[in-house]
Undergrad: 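Dropping the structure in here first, questions after.
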Amino acid sequence: MQAYRVYNLAIAADVAAEAREFYRQEIGGDPPETIAELSLELMVRCGSGETKTIRDRINEELDSRNSWLRMGVPCHLHWPFVIGSLD
């Protein structure tokens, strides 16, 4: 997965089009025409208030989703998600 900047959010997705569509459906509103790919080493503010690298947040989420899959719970491994805030 890669990270993309959509306004002030970092969104993880496989491709930019998925990040744009995720923003439209889950956040609401229209994303910008072009969105920038972010470095995996960039620090973002997470929902808990702490800062982590984008790589760490993506790995945490994928590990969590893999755990659900190992338990037999259906889960889309590569579904886009909000990594954190870029403010």
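Heavy-atom basis, side chains included; hydrogens, waters and symmetry copies ignored.
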Undergrad: Between CG of Leu86 and CG of Leu42, what distance do you get to the nearest 0.5 Å?
TA: 6.0 Å
Undergrad: CG of Leu38 to CG of Leu9: how many Å apart, nearest 0.5 Å?
TA: 10.5 Å
Undergrad: Drop me the distance from Lys52's NZ to Asn59's CG, to the nearest 0.5 angstrom.
TA: 11.0 Å
Undergrad: Could you tell me whether the side chain of Phe81 reaches within less than 4.5 Å of the side chain of Met1, counting heavy atoms only?
TA: yes
Undergrad: What's the separation between atom CG in Leu69 and atom NE2 in His76, rounded to the nearest 0.5 Å?
TA: 10.0 Å
Undergrad: Measure across Ile83 and Ala3 and return the closest heavy-atom pair with its distance rounded to 0.1 Å.
TA: CD1-CB, 3.7 Å
Undergrad: Looking only at heavy atoms, which two atoms of His78 and Asp14 are closest? And how far apart?
TA: ND1-OD1, 2.9 Å
Undergrad: side-chain contact (heavy atoms from CB on, under 4.5 Å), that's the test. Do Ile58 and Thr53 meet it? Break it down for me.
TA: CA-CA 9 Å; Ile58 289 174; Thr53 65; over 6 Å; no
Undergrad: Which heavy atom in Thr51 sits nearest to a heavy atom in Arg45, and how many Å separate them?
TA: CG2-CA, 4.2 Å
Undergrad: Between Glu18 and Arg20, is there a salt bridge with N-O shorter than 4.0 Å?
TA: no
Undergrad: For residues Val44 and Ile11: do they belong to one hydrophobic cluster (side chain heavy atoms under 4.5 Å, members Ile, Leu, Val, Met, Phe, Trp, Tyr)?
TA: no
Undergrad: Hey, is Glu37 close enough to Arg5 for a salt bridge, meaning N to O under 4.0 Å?
TA: no
Undergrad: Just by distance, do the side chain of Asn66 and the backbone of Leu62 share a donor-acceptor pair under 3.5 Å?
TA: yes
Undergrad: On a heavy-atom basis, which atom in Pro31 and which in Gly29 lie closest, and how many Å separate them?
TA: CD-O, 3.7 Å
Undergrad: Of the non-hydrogen atoms in Ser39 and Ile54, which two are nearest, and what is the gap between them?
TA: O-CD1, 3.4 Å
Undergrad: Measure across Ala16 and Ile35 and return the closest heavy-atom pair with its distance rounded to 0.1 Å.
TA: O-CD1, 3.5 Å
Undergrad: Tyr4 versus Gln2: any side-chain heavy-atom pair under 4.5 Å?
TA: yes
Undergrad: Would you check if the side chain of Arg65 reaches a backbone N or O of Trp79 as a donor-acceptor pair within less than 3.5 Å?
TA: yes
Undergrad: Does Tyr7 form a ring-ring contact (aromatic ring centres under 6.0 Å, His included) with Tyr23? I'd like the steps, not just the answer.
TA: CA-CA 10 Å; Tyr7 298 118; Tyr23 185 87; 5.6 Å; yes
Undergrad: Quick check for you: to the nearest 0.5 Å, what is the distance between Arg57 atom CZ and Glu50 atom CD?
TA: 9.0 Å
